[in-house]
Amino acid sequence: MHLGHAVDTFAGWLSGSPDPAWWALGLAIALLWIAPVLLVVFPIAAVGQIIERKVAAAMQRRIGPNTVGLEGPLRFLCRVLLFFLPRARQDRALATFCSLPVVRPLLHLLQRLGLGQLVADGVKMLGKEDIVPAGADGAVFRLAPYLALSGAFLPFAALPFTQHIVMLEVPVGALYAIAVSGVTVMALLMAGWGSGNKFSMLGGMRAVAQLISYEIPVGLALAGVVLWSGTMDLHAIVAQQYRPGVFTLLGWNLLQSPFLCLLGGVLFFAGLAECQRTPFDMAEAESELVSGFNTEYSGLRWGMFAMAEYTEMLLIGALLATLFLGGYQSPIGEQWIVSLPVWAETPLHLLLFVGKFVVSLFVMVWIRWTLPRFRVDQVMRLCWLTLVPLCLLALLGLALTILLAGGTTAGDAYGRLPARDRLDLSLPGHLLAWAVPLLLGGALLWAARRQHGQLHPHLRQLTGGRP
Amino acid sequence: MTVEAITPSGERMQLNLGPQHPATHGVLRIVIDTDGEVVANCTPDHGYLHRSIEKIGECVEYPLFVPYTDRVDYVCAMNANLAYCLAVEKLLATDPATAVTVPLRGECIRVLVAELNRISSHLIGVGAMAMDLGAYTPFMHGIAQRELVNDIFEKLCGQRLTYNYVTIGGVGFDLHPSATAEISAFLDKFEVEMVRFNQLITTNAIFRERCAGIAPITAAEAVAFGLVGPNLRASGVDWDLRRDEPYGIYGQLAVRVPTGQAYAGRHGVLGDCYDRYVVRLLEIQESVRQCREVLKILPPAAAKANDPQGGWQADVSKQIRKPPKGEVHCRTEAPRGEMGYYLVSDGSKIPYRVRVRTGSFSAAGIFQHVMRGIFLADVVAVIGSFDIVVPEIDR
Amino acid sequence: MTALLPAAIAARVVAAFPTVEARTSDNGQPWLCVPAAVVQAAGTFLRDQPDLAFDSLMDLTGYDLLKYPASPPSDAIAVVYLLHSLRHRHKVTLKVLAARADCAVPTAAAVWPAAIYFEREVWDLLGVQFTGHPSLHRIMCPDDWIGHPLRKDYLYPSEYQGVPHLRDGQHFEHGPKRAGQAIAPATPPAAPAPKGPA
Amino acid sequence: MSLDTKPGNDPDQQIHLTAVDEFLAWGKENSLFYLLFATACCGIELMQTGGPRYDVDRLGMIPRATPRQADLMIVAGTITHKMAGRVRTLWEQMTEPRWVVSMGSCSNSGGPFSKWSYSVLNGVDKYVPVDIYIPGCPPRPEALIDGVMALRERVRMYRTFGIREREPIVVAGGHCDFGAHPGKDPVTAAKDPAGTPTAEPKA
């Protein structure tokens, strides 16, 4: 049962007849169907900007936004709701409301967490002058932010938030997600070209080069999971990662095979490059290109680009969770959750899924504020000379593992029976499947470290002995 | 691969880096001919912060020019004051009648504040280079340490950035009683912080990759283009004015001079961006050691300011009104290299000509020679590695 | 690595270039008065001789002798070369007294590349034309600046591109009458002071 | 939440805003992105103000590199005649609700260089209309934050939909008139001299 049934029943209930009228259907779609994106992803992407500033401040021994409370919006609501009272009385009413025992600490907490700052930034962007530079290509300049936002939100349609909440139940969910997220490439190029400014043009060209080349590793990482689970339907992939017993964690794809573990890492870093986060953010490199492709954007259009960037980060986190970290399943005690009734199980699963991609958002922010950024040729070399070969190696390893474990018998149509069910590896088999790749990888890493990691003796003196 | 082959002149465009740009450390403008990624040629454009300090030198009496020397290099104002005051004392010393002897405690305080300011100046230089390459956190940690140095200087002379503290004949005020304890406490805490700073950025693989082998400068080129200070020592030239032409009490201190040795490992070349970066970090360690040494030989304070042993400021009011006629050239080791003053006096109490030669000026002179055929992203790394301060170039 | 005394250096240079004259300044600092024609040859000589090896140009600057109280008062512009040898650790000062009318000095950029920027500054602030300089144009003042500020007879501009230099008609009442800072007569503003960059 | 009067804010200037104006003004006041425009010594103090100890990020102020996304231009440092045209261009490229804070005596009135320097512009208000003057050379970070607090007074009275007046107020109290400086009235003075499309911010 997925949201589509819920929308039909709700529309039918609204219009009173099994065949719902057009307005009832529209209202149902507006309320129910886009709920996962509108009520879950959009606010978290907005809060993401404050998470970034607070985490950055914490890492830089600063405090971050904490003085902006919510008195502005509250005063506005008070003016609107209590319109019949004079202003002085309205202010006094607001003051009493704010000093209620529960409300006061809550407002104080929200202020300290920076929620007020989030609202203030949004409100300021509303009032900002929205200009299109004279030399710019108007239509392209105006359309770019909307394309960037759509490219970031569309893939969420196929991702299962919980067993019942998914917007688009398609058998090829994985392929759909990757295909649709290609729109942002075009949006960045349009922004770069549309701004009519040399710095934006450079930023746009760099963004296109980077995004296109990093879609290959993301695609290959996805192909690895599809090869392993035998299907592209995200629901089936998540369902397969369930393993009865206390630690459902062991069923996750990430821990099934070292090659899948490698593909998970590649997906995360290639995902970082997809949303131009440091160390891959030369497209909007602050210090070189002033602000890259969004140099000319101001006000709400720039806000849309920022929202698209954070939604893209959440998308990468969601893809990683769905494909490798067991989607909405909890690491421990999934048995108990599955046995709960639907109205209790769904919020728990939703919370787990959201928790996973908020953790990945935090890791991305953490990486952004520690690492410097790559140069353009280093990014390309990293993609084509390291990530893609690693992905191919992992795919080869996965195929060998499945073959050695007798996964596919002659004449057996591929994909009917997921490889994992046919994989009855005994203990020595599992050891072999893990030991050989780990040894191989360890040797590779040790050789690379010996060649690259040579620190000059004086540097040890600087870093107190530990590199 | 000649530059012409990489970017045929037909496809080039002119790009303006500055005068207001996050990476140009102030108002320096560089016009870059590039095809988008590789820089074919760059012509720096200076003068946006030309405040005519040398002309003011001809309008203002000797002691009144000291606040303007702060503004020649505001990141290390103490060293700038010291350079000018030493030059005037050397001018007065050419005529035995007007010679000035600075009390020993004054000399020790001068070296102490100069080395402390060198630490805070290198912190900005090193932090800004990391920020230009995208790492914001090290810059913030550097600024946090700088605040502690500012506190010490503020208690000493009331100002945080432009101190007007070193005067002709000594220093303006004596150390406050708790100064030595505070400074040694700061030095101990600071060394732990620097280890964490280096672990965060210096040995970071991406940072090393971005700086290794970029714009290497050979020793001969460095000397020919007049590079000085850390930029010169990074090319392997073992030359430091504090050791080779000692002034003040530097003769009594054991000055160790770190030089560049291709620190970046595999891709590293002698005299590249990474060497200049690491030489500054090693110099910070040297400065900490020298501060501790000075704290050990600091004589106790005497009642009178011009007491030869414990005093801090000799009385120069008579000599400074009738300086000897003639000229003098005196140079000191500022954090950005040799800061040399060429004073011409016509016997009146106002100098006839004050000429300041600074390290950043020659560093800017080598930009055009160095930035051929490198990437656009590396232009930012090269500017950061020279640690230029714009008023030093424009004066 | 033997540091020569200034007298020995002067003797070597005078021996090689008879037109060079060894002098000392009023407070006893020795310097060599080099005629403009010989500057490049003397420079290469000082740099290439193994026992002299003046490879480092410490500073190249200049000053206007107009108001300097010398016995035969001269209005020349002195261009000063401060040289230093890293190998032998000894110094020498060369001066070229360029006539005020058409002060032209051959460039030293070929001998020491550091001189490129120094000479551009001396041209900008003192108006000494360095013949043969790769790109001699102003380095400090804007390109359309009038006059050379460090000359002793330089008058301060009353406005730049229509914007008055001083604040609201203020003038240098007790300002720097010293060193010739009298203010140039303000050009009558034909149009109302146009704003912003020309 | 009465508007406590600060120097330069005489009581009869209290104006009543509509609820929406008040709400938008609250948003602008609490999220002033300042343009990264550090020319000289005050620039270092500006960095220290953004640093860990004083941290203007607490007040919602983050530095932006491009004038398009900045609401507030803090002119930190000396403006010479050669640079003045660029300051004007940057100000024109900023998007509308924009304010200018002149930090340090160099940009207020030429500071230590006002009398003897031939190349320093005596006061940036000859080129751009200044809202807040902060004295000091360089002013302490606390003075800069106090100046920003005074600016927030003015931002709080910003009418998004009504007519707007601009009157410079000096943080140190007392309204001192700086004489008829051409930069005072933005509307008449702000004709675009070059008239060229601002295709490329000369940033």
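Numbered from 1 within each chain, the chains take letters A, B, ... in sequence-line order.
Classified by interplanar angle (parallel below 30°, tilted 30° to 60°, perpendicular above 60°), the ring pair C:Tyr68/B:Tyr352 is perpendicular.
Heavy-atom distances place both the backbone and the side chain of B:Val223 under 4.5 Å from chain C. B:Ile393 touches chain C through its backbone: at least one of N, CA, C or O sits under 4.5 Å from a heavy atom, while the side chain does not. At a 4.5 Å heavy-atom cutoff, the contact between C:Pro149 and chain B is made by backbone atoms alone. Interface remark: B:His46 contributes backbone and side-chain atoms alike to the contact with chain C (heavy atom separation under 4.5 Å). Proximity to chain C is absent for every atom of B:Val228, based on heavy atoms less than 4.5 angstrom apart. Only the side chain of C:Leu125 comes within contact range of chain B, with at least one heavy atom under 4.5 Å from a heavy atom of that chain. Of the atoms belonging to B:Tyr342, it is side-chain heavy atoms, and not backbone ones, that fall under 4.5 Å from chain C. Heavy-atom distances place both the backbone and the side chain of B:Ala364 under 4.5 Å from chain C. Neither the backbone nor the side chain of B:Ser52 comes within contact range of chain C; no heavy atom of the residue lies under 4.5 Å from a heavy atom of that chain. Of the two parts of C:Val111, neither the backbone nor the side chain holds a non-hydrogen atom closer than 4.5 Å to a non-hydrogen atom of chain B.
Between the side chain of B:Arg353 and the backbone N or O of C:Gly62 there is at least one donor-acceptor pair closer than 3.5 Å.
You'll find the side chain of C:Tyr117 reaches within 4.5 Å of the side chain of B:Pro44, heavy atoms only. Residues C:Thr93 and B:His329 fail the side-chain proximity criterion, which asks for heavy atoms closer than 4.5 Å. With a 4.5 Å cut-off on side-chain heavy atoms, C:Ile139 and B:Phe361 count as touching. Residues C:His84 and B:Trp239 form a side-chain contact, since some pair of their non-hydrogen atoms from C-beta on lies under 4.5 Å apart. Between B:Arg357 and C:Thr61 the shortest side-chain heavy-atom distance does not fall below 4.5 Å. In this structure, B:Glu54 and C:Glu121 have side chains that are in contact, with non-hydrogen atoms separated by less than 4.5 Å. At a threshold of 4.5 Å between non-hydrogen side-chain atoms, the residues B:Glu58 and C:Leu150 count as touching. Under the 4.5 Å side-chain criterion, counting only non-hydrogen atoms from C-beta, B:Lys325 is not in contact with C:Asn27.
Ring centroid separation for the pair B:His50 and C:Trp145 does not come in under the 6.0 Å cut-off.
When each of C:Val80, C:Leu57, C:Leu60 is scored by its heavy-atom pairs under 4.5 Å with chain B, the top score falls to C:Val80. Counting heavy-atom pairs under 4.5 Å between each of B:Gly226, B:Gly47, B:Ala224 and chain C puts B:Ala224 at the top. Counting heavy-atom pairs closer than 4.5 Å to chain C, the top-ranked of the candidates B:Glu338, B:Arg395, B:His369 is B:Arg395. Ranked by heavy-atom pairs under 4.5 Å with chain B, the list C:Met58, C:Arg47, C:Arg138, C:Gln29 is led by C:Met58. In terms of heavy-atom pairs under 4.5 Å with chain B, the best-connected choice from C:Ala114, C:Ala70, C:Ser56, C:Gly28 is C:Ala114. Top candidate by heavy-atom pairs under 4.5 Å with chain B, chosen from C:Ser25, C:Cys141, C:Pro69, is C:Pro69.
B:Asp346 and C:Lys67 are not joined by a salt bridge, as no carboxylate oxygen comes within less than 4.0 angstrom of a charged side-chain nitrogen. Taking the charged nitrogens against the carboxylate oxygens, B:Glu245 and C:Arg89 have no contact shorter than 4.0 Å, which rules out a salt bridge. By the 4.0 Å N-to-carboxylate-O rule, B:Glu327 lies close enough to C:Lys95 to be salt-bridged with it.
Residues of residues 11-19 of chain C having a heavy atom under 4.5 Å from any heavy atom of chain B: none.
With rounding to the nearest 0.5 Å, the separation of CG in C:Asp59 from OG in B:Ser362 is 10.0 Å.
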